[in-house]
Amino acid sequence: MVPPTDSKANDAEQSIGNVQLDVHLRIRRIGYIDATGKVHGALPEFADTQELIRLYRAMVLTRVFDEKAIALQRTGRLGTYASSLGQEATPVGVAAAMRSDDVLLPSFREHGAQLWRGVSTEELLLFWGGDERGNDFKGPREDFPVSVPVASHAPHAVGVALAMRLRGEDRAAVCVFGDGATSKGDFYEAINLAGVWRLPVVFVATNNQWAISVPRSAQTAAETLAQKAIAAGVEGVLVDGNDVVSVRAAVETALAKARAGDGPTLIEAETYRLGDHTTADDASRYRDDAEVSAHWKSEPLSRLRQYLTDQGAWDHDDEEALLADCAAQMEVATEAYLAAGPWSPEAIFTHLYATLPADYRDQLAALKREMIND
Amino acid sequence: MAVMTYADAAKTTLAEEMRRDPLVWCLGEDLGRGGVFGQYKGLPEEFGPQRISDAPISEAAILGAAVGAAMTGTRPVVEMRFADFALCAVDELVNQAAKARYMFGGQTKVPLVVREPMGMWRSSAAQHSQSLESWYTHIPGLVVVCPATPHDNRGLLKTAIRSDDPVVYMEHKNLWALEGEVPDGDPIPFGVARIARAGTDVTIVSWSATVHAATEAAESLASEGIEAEVIDLRTLWPWDKRAVFASVEKTGRLIVAHESVQVGGFGAEVAATVADALFGKLKAPVKRLGSPRVPIAYAPPLEDMLRVTPAKIAEMARTLVQQ
């Protein structure tokens, strides 16, 4: 099959010696709603007012979730937390493009996507509170847990797609990671394998410009991250990651292509990490406040709110009611999370093996004796 | 009763399991030509390229994809070609496969077999000869299997493929052509050792190819009136403490012999466990016999010097019995 990229060798008459081959790289860049809320071109079919409001609500819930999680961490009631402040459009747009039986392989800033797909706020708090019960989702059973290691879940996505193909299923895998992940060998190996086997996978590189303290400019000499796909014979697409409509449109197109058997896509979603890397980080030590302030002007929520307001579909009262809703939802989730109580220490052994080897039964008995003695 | 080679025993089992369960499939480099050691010969023709998947040279992605596919309900068998090459993919094995069930709160399982042919074979040099089984015994969540005979390479592989846990399956390259009786195709459970030879004077615990050196040593010791009991652990995690304790209680003497580097080898774990549990019953110090802590030499005479031979084992046993 012909690669979907626009690369071709110069097929001028063959000659012996040094020959120049012109390889053409072309990346599509997708953008619908700009930072001021203005629309460029016709919006995609899905983007009616009702659906845009749904997407907006999901992004606001994501932001409120982040605020609450940070507040819980600061008061000693949650573990180290990675906020998605400023990037909400990417996870929400990704999830909105997926079918429920597709499989999401998230990194650690994708709670917006997880919430959309039915992971509960309580489960997410449990996970970030250091409790693995939070990964045992009641909703999307086949979605993968948060991958904290960088890019190691990219090959998993290839395997998920292989399993789907082996069973002849009409499904796809969507793997989300950051800009730093595109410097890892796992990433290159994964896109190469997905490309050569034309597997139904969509890779989304959320380029938030910072890998902890390493800026995008120090990450790679490549002009875009999307173009890294081209060497693997995979299509690379650049998208405005702060426009939820653009992200959803790009992922929908890539998923349709994947399902049609036309192989994987790498989508680079350009966004900006407005917050710290995690609650264990203080970004003001390594980046200018002026840079952050400038990026607040293109953050994802205000542009869609502006657009909806301009359409007469959203007003101050709607906004207040939504914020109150989200806050109430978080209060209920927080209460349930705090009431969950710690997992029994015996749980360390519960999920280690299908059947616990005899040696562990001795260790478990020893632990129980200790617990009684304490 | 069928006689087959160690390699054919595994191949026969793999084919049976693939016929039985359409979700069993293989992934690795050089599988399309039947495997670098011919362990997959005929399988590409029978099962096609989707189930005998020939992969680019990309160990991390191969193992990572297998982890993803295992977590999505299939049963991949991954071929790493040489245990040494698996090191390119060990992050996926140690940080992902071993931990996914636990870190996912039990929502998932990783039914995965990772075949890692190991050991010294025809002067393959330092990067193609290592025995790294002890590394994996250190990782909670993994099962470690080191079959020594064609029968075990059949029964243990069957158990490995049916297991819901990630199994590091380490076949010894020098055993591929070894012929032996394979009485049946029944699965052999993990954690049950095999008494390769019964004896009363000294216990020799081993696994993989060194079991055969130990048995040969025991035969020569018998002519001198020393009866050695040889225990083949078969699986290092879980390992059959009960069988080892029962034997050492009887003999009062223990040698643990393995091809891998002696320092930090699994022999240290066996020796320490026995010394701890049976201190009062030992008639002599617990001994280990492994390779010196040097890279495996390329030059055949130097490679030979590093081997744990029947003569070395027998010499150590004689010394122990005289104490």
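Naming: A, B, ... by sequence-line order, numbering from 1 per chain.
Residues A:Trp343 and B:Gly105 come closest through the heavy atom pair CH2-CA, 4.4 Å. Taking every heavy atom of both residues into account, A:Ala190 and B:Ala61 meet most closely at N-CB, 4.2 Å. The shortest non-hydrogen separation linking B:Ala65 to A:Leu193 is CB-CD2, 4.4 Å.
By number of non-hydrogen pairs under 4.5 angstrom with chain B, the leading residue of A:Pro357, A:Ala173, A:Ser152 is A:Ser152. Contacts with chain A were tallied for B:Ser58, B:Ala70, B:Ala55, B:Ser163; B:Ser58 has the most, counting heavy-atom pairs under 4.5 Å. Ranked by non-hydrogen atom pairs under 4.5 Å with chain B, the options A:Arg141, A:Arg133, A:His153 are led by A:Arg141. Chain A forms more heavy-atom pairs under 4.5 Å with one residue of B:Ala66, B:Pro140, B:Pro166 than with any other, namely B:Pro140. Ranked by heavy-atom pairs under 4.5 Å with chain B, the first of A:Ile348, A:Thr355, A:Val146 is A:Ile348. Each of B:Glu59, B:Lys109, B:Met71 has some count of heavy-atom pairs under 4.5 Å with chain A, and the biggest count is that of B:Met71.
The distance from the CE atom of A:Met164 to the OG1 atom of B:Thr74 is 11.5 Å, given to the nearest 0.5 Å. Here the straight-line distance linking atom CG of A:Leu162 with atom CG of B:Leu27 works out to 7.0 Å at 0.5 Å rounding. Atom CG of residue A:Leu166 and atom OG of residue B:Ser53 lie 8.0 Å apart, to the nearest 0.5 angstrom. Between the CD atom in B:Gln107 and the CD atom in A:Glu142 there is a gap of 9.0 Å [rounded to 0.5 Å]. The CG atom of A:Asp359 sits 11.5 Å away from the CG atom of B:Asp240 when rounded to the nearest 0.5 Å. Note: A:His351 NE2 to B:Thr108 OG1 = 11.5 Å, rounded to the nearest 0.5 Å.
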Inset, instruction - Let me see the working for B:Phe104 and A:Glu132 under side-chain contact (heavy atoms from CB on, under 4.5 Å), right down to the final yes or no. - result: CA-CA 6 Å; B:Phe104 211 178; A:Glu132 262 100 12; over 6 Å; no

Inset, instruction - Give the C-alpha distance, both sets of side-chain angles, the deciding distance and a yes or no for side-chain contact (heavy atoms from CB on, under 4.5 Å) between B:Tyr102 and A:Tyr353. - result: CA-CA 8 Å; B:Tyr102 178 76; A:Tyr353 286 93; over 6 Å; no

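By the 4.5 Å heavy-atom criterion applied to side chains, B:Pro22 and A:Arg167 are not counted as neighbours. Inter-residue side-chain proximity for B:Pro56 and A:Val196 is flagged as met; some heavy-atom pair is nearer than 4.5 Å.
Both the backbone and the side chain of A:Phe144 come within contact range of chain B, each with at least one heavy atom under 4.5 Å from a heavy atom of that chain. With a 4.5 angstrom heavy-atom cutoff, A:Leu352 touches chain B via backbone and side-chain atoms both. Residue A:Tyr360 touches chain B through its side chain alone, counting heavy-atom pairs closer than 4.5 Å. Neither the backbone nor the side chain of B:Trp239 comes within less than 4.5 Å of any heavy atom in chain A. Contact annotation for B:Lys99: neither backbone nor side-chain heavy atoms come within less than 4.5 Å of a heavy atom of chain A. Interface remark: A:Val160 contributes backbone and side-chain atoms alike to the contact with chain B (heavy atom separation under 4.5 Å). Only the side chain of A:Asn192 comes within contact range of chain B, judged by heavy atoms closer than 4.5 Å.
Annotation for B:Glu249: atom CD counts as buried by contact number, over 12 foreign heavy atoms lying within 6.0 Å. By the neighbour-count criterion of 12 heavy atoms within 6.0 Å, atom CE of B:Met103 is sparsely surrounded, having that number or fewer from other residues, nucleotides or ligands. Other residues, nucleotides and ligands place more than 12 heavy atoms under 6.0 Å from the CZ atom of A:Arg77.
Side-chain contact of B:Glu92 with A:His156: a donor-acceptor pair under 3.5 Å is present, judged by distance alone.
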